Amino acid sequence: MGGGLLVAGTTSDAGKSVVTAGICRWLVRRGVKVAPFKAQNMSLNSFVTREGAEIGRAQAMQAQAARVEPTALMNPVLLKPGSDRSSQVVLMGKPVGEMSARGYHGGRQEALLGTVTDCLEQLRSTYDAVICEGAGSPAEINLRRTDIVNMGIARAAKFPVLVVGDIDRGGVFASFFGTTALLSAEDQSLVAGYLVNKFRGDVSLLEPGLDMLYGLTGRRTYGVLPFTHGLGIDEEDGLRVSMRGAVRESVVAPPHGEEVLRVAVCAVPLMSNFTDVDALAAEPGVVVRFVDRADELADADLVIVPGTRGTVRALAWLRERGLADALVRRAAEGRPVLGICGGFQVLGERIEDEVESRAGVVDGLGLLPVRVRFDRAKTLARPVGSALGEPVEGYEIHHGVADVRGGEPFLDGCRVGAVWGTHWHGSLESDGFRRRFLVEVARAAGRRFVPAPDTSFGVLREEQLDRLGDLVEEHADTDALWRLIEGGAPGGLPFVPPGAPPAVPGAAESRGAAPDPAPQSPEGLEMARPEALGEARKSPGPDAEAKPQGLDVGRSAGPEIAVVHVDQEAK
């Protein structure tokens, strides 16, 4: 049985995803066969694996860092918020229904628990090491009873826990201490220590505080990672462009042509897969920004309406803010607009939705000759094709079925003048296609912009993953990290009072639970088990002959497991 580690955080967005990726890249460069794992994820940024399973994009990125093919085993439960009250539950890569926070906690946990632990055990039997990512904070005391993504999974697997804190936010010492002190003695026994993230300045000035933290908790700090720009790769949620930082820093790489190209992305509600624009932001001379006002479209050379988990809601939002009228005017003037997935649906003539919003028939913006009908079955695919004379790859995640009634074919959608629409996410990562598309946009916008001939998005992504591995290797005590992965948490870790408060009956339901809007119940929960993946569980990995000795520690999962944790970090 493989060794492992749980990377937890003092807060959401403390850096768990990138630290997990960095550890995976560091390990695989040492010859270790490693896999990422997140038991339950809440995110609107998702990805489709080769076997047609939907998982969080962060886990797909971590799999790339580990140089293995992503599978549903690495993220068995994905929650996709559809409102402040409910989320779509995706189990083993397939949607099984909509549930409220209260409903998710209340009735189906046991089936989810079995699926999650089975997936982790299969990964442990296949890989030398599994690096798990937690969710939110392990000290969410109102949800501990139902947690299997933080301390619940650590207890089940007997994995040591490394707590990451973002010092750039301030209060990192209090966060480390408070996180530990709110856990039970059993949970505290697995908290091996801490990792400081995003530190600016002289580390020697921080060291006295780390020594005092050790005196208070008996737990060491395993590293201090410096603040580094441009490392937000495939974030779970949040309004950022992950490659944009690298472009802003590229002072030696001015626009290849005479002018820059300005791209405005409409920040629609429930925006999903905003990572689609990362490849544009990676191009020298392309400036990408998110907008929510009509006047911000005035100087844009290209406007993108991105994907969303609420197409009808996004359409209403565009109309309320005057953005819809601005898009119609742009189309009439022959100025470029691109709709992706939900954004493509918005640009059509009509939307018939009895599934997502249950709004019935709603008029779209009428910029493309397309009618969309929402189907209860979800399209999950990895299409390959061509457009503008170049090969294109992408992935599809949508309930809407498009009936294209005219225009020029464009991937699975169409083009009319300077307005394009497609369901394909990720198409702009195809370098040749992206360059041809930008040439078309520049021509329509009247800009003297020329795309660089040698920008490779895949190479840039690999360079960033290597930078994450470098950060871990250069600024963490990797020998000590290896001992954790190989042998578990150190023995004799002291208890930090007061510990977890006494359990309150119904606490998970009464504290922070949303009112139940009688959502659809996911009746397919019992059916989705790892066995259904067949050959998908046999993910390819690097040759492990060069792994350090003693990694196969032969630990089995323990019997103490709680039920399902609803991570609220995306709300």
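All values derive from a computational prediction rather than experimental measurement.
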| request: Could you give me the CA-CA distance, side-chain angles and deciding distance for I485 and I131, then say whether side chain to side chain contact (heavy atoms under 4.5 Å, CB included) is met? | output: CA-CA 8 Å; I485 294 168; I131 308 301; 4.0 Å; yes
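- Within the 3.5 Å criterion, the main-chain N or O of K80 finds a donor-acceptor partner in the side chain of R309.
- The backbone N or O of T308 lies less than 3.5 Å from a partner atom in the side chain of S272, making a donor-acceptor pair.
- Between the side chain of S125 and the backbone N or O of L123 there is no donor-acceptor pair closer than 3.5 Å.
- When side chains are defined from C-beta on, Y214 does not count as touching T221, because their heavy atoms never get closer than 4.5 Å.
- Inter-residue side-chain proximity for V196 and L225 is flagged as unmet; no heavy-atom pair is nearer than 4.5 Å.
- E140 places no side-chain N or O within donor-acceptor distance of the main-chain N or O of A135, the cut-off being under 3.5 Å.
- Closest approach of L120 to A157, counting heavy atoms only: CD2-CB, 3.7 Å.
- The structure places OG of S46 at 9.5 Å from CG of N75, a figure rounded to the nearest 0.5 Å.
- Heavy atoms only, all atoms of each residue included: S12 and G136 are closest at OG-CA, 3.6 Å.
- Side-chain contact between F173 and L216: absent, with no pair of heavy atoms (C-beta onward) separated by less than 4.5 Å.
- Residues E69 and R50 form a side-chain contact, since some pair of their non-hydrogen atoms from C-beta on lies under 4.5 Å apart.
- Looking at R29 and D466, their side chains come closer than 4.5 Å, going by heavy atoms from C-beta outward.
- A donor-acceptor contact under 3.5 angstrom links the side chains of S17 and E133, judged on distance only.
- Between H398 and E356, the side chains place no donor N or O within less than 3.5 Å of an acceptor N or O (distance only, hydrogens not considered).
- Counting only N and O atoms by type, the side chains of K378 and Q88 include a donor and acceptor under 3.5 Å apart.
- Within the 3.5 Å criterion, the main-chain N or O of A139 finds no donor-acceptor partner in the side chain of R144.
- Side-chain contact of Y194 with T10: a donor-acceptor pair under 3.5 Å is absent, judged by distance alone.
- Residues I167 and N197 have side chains not in contact (no heavy-atom distance under 4.5 Å, counting atoms from C-beta outward).
- Between atom CG of residue N273 and atom OH of residue Y395 there is a gap of 4.0 Å, rounded to the nearest 0.5 Å.
- In this structure, Q59 CD and N45 CG are separated by 11.0 Å, a value rounded to the nearest 0.5 Å.
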### Task
Evaluate the criterion side chain to side chain contact (heavy atoms under 4.5 Å, CB included) for residue pair L206 and L210; output intermediate values, then yes/no.
CA-CA 7 Å; L206 186 67; L210 301 179; 4.1 Å; yes
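- Here the shortest heavy-atom pairing between Q188 and G499 reads NE2-CA, 4.1 Å.
- Counting only residues at least two apart or in different chains, salt bridge (charged side-chain N to carboxylate O under 4.0 Å, His left out) contacts with residues 219-229 comprise R220-D477.
- Under a 4.0 Å N-O distance rule, the pair R169/D166 qualifies as a salt bridge.
- Minimum heavy-atom separation, L460 to A282: CD1-CB, 3.6 Å.
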Test side chain to side chain contact (heavy atoms under 4.5 Å, CB included) on K33 and T126; report intermediate values, then the result. CA-CA 9 Å; K33 188 178 178 184; T126 305; 4.1 Å; yes
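- Atoms CG and OG, from L143 and S137 in turn, are 10.0 Å apart once rounded to the nearest 0.5 Å.
- Between atom CG of residue L44 and atom CE of residue M42 there is a gap of 9.0 Å, rounded to the nearest 0.5 Å.
- Checked for salt-bridge contact, E54 and K94 miss the test: no charged N lies under 4.0 Å from a carboxylate O.
- Inter-residue side-chain proximity for V7 and I23 is flagged as met; some heavy-atom pair is nearer than 4.5 Å.
- Looking at L91 and T115, their side chains come closer than 4.5 Å, going by heavy atoms from C-beta outward.
- Taking every heavy atom of both residues into account, S87 and L79 meet most closely at CB-CB, 4.2 Å.
- Without hydrogens or angle criteria, D147 side chain to G152 main chain gives a donor-acceptor distance under 3.5 Å.
- Within the 3.5 Å criterion, the main-chain N or O of V149 finds no donor-acceptor partner in the side chain of K38.
- Interatomic distance, CG of L5 versus OH of Y222, reported as 9.5 Å (0.5 Å rounding).
- Judged as a side-chain contact (heavy atoms from CB on, under 4.5 Å), and not counting sequence neighbours, the contacts of Q64 are R461, E462, L465.
- No cation-pi contact links R57 to F47, judged by a cut-off of 6.0 Å to the six-membered ring centre and 45° from its axis.
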Worked check of side chain to side chain contact (heavy atoms under 4.5 Å, CB included) between V77 and V90
CA-CA 6 Å; V77 182; V90 179; over 6 Å; no
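- Scanning both residues, I148 and A39, for their nearest heavy atoms gives O-CB, 3.6 Å.
- Checking N41 against S43 by side-chain atom types alone, no donor-acceptor pair falls below 3.5 Å.
- The pair E486-R483 fails the salt-bridge criterion, with no side-chain N (NZ, NE, NH1 or NH2) lying under 4.0 Å from an Asp/Glu carboxylate O.
- Under the 3.5 Å distance criterion, the side-chain polar atoms of T180 are matched with a main-chain donor or acceptor of F176.
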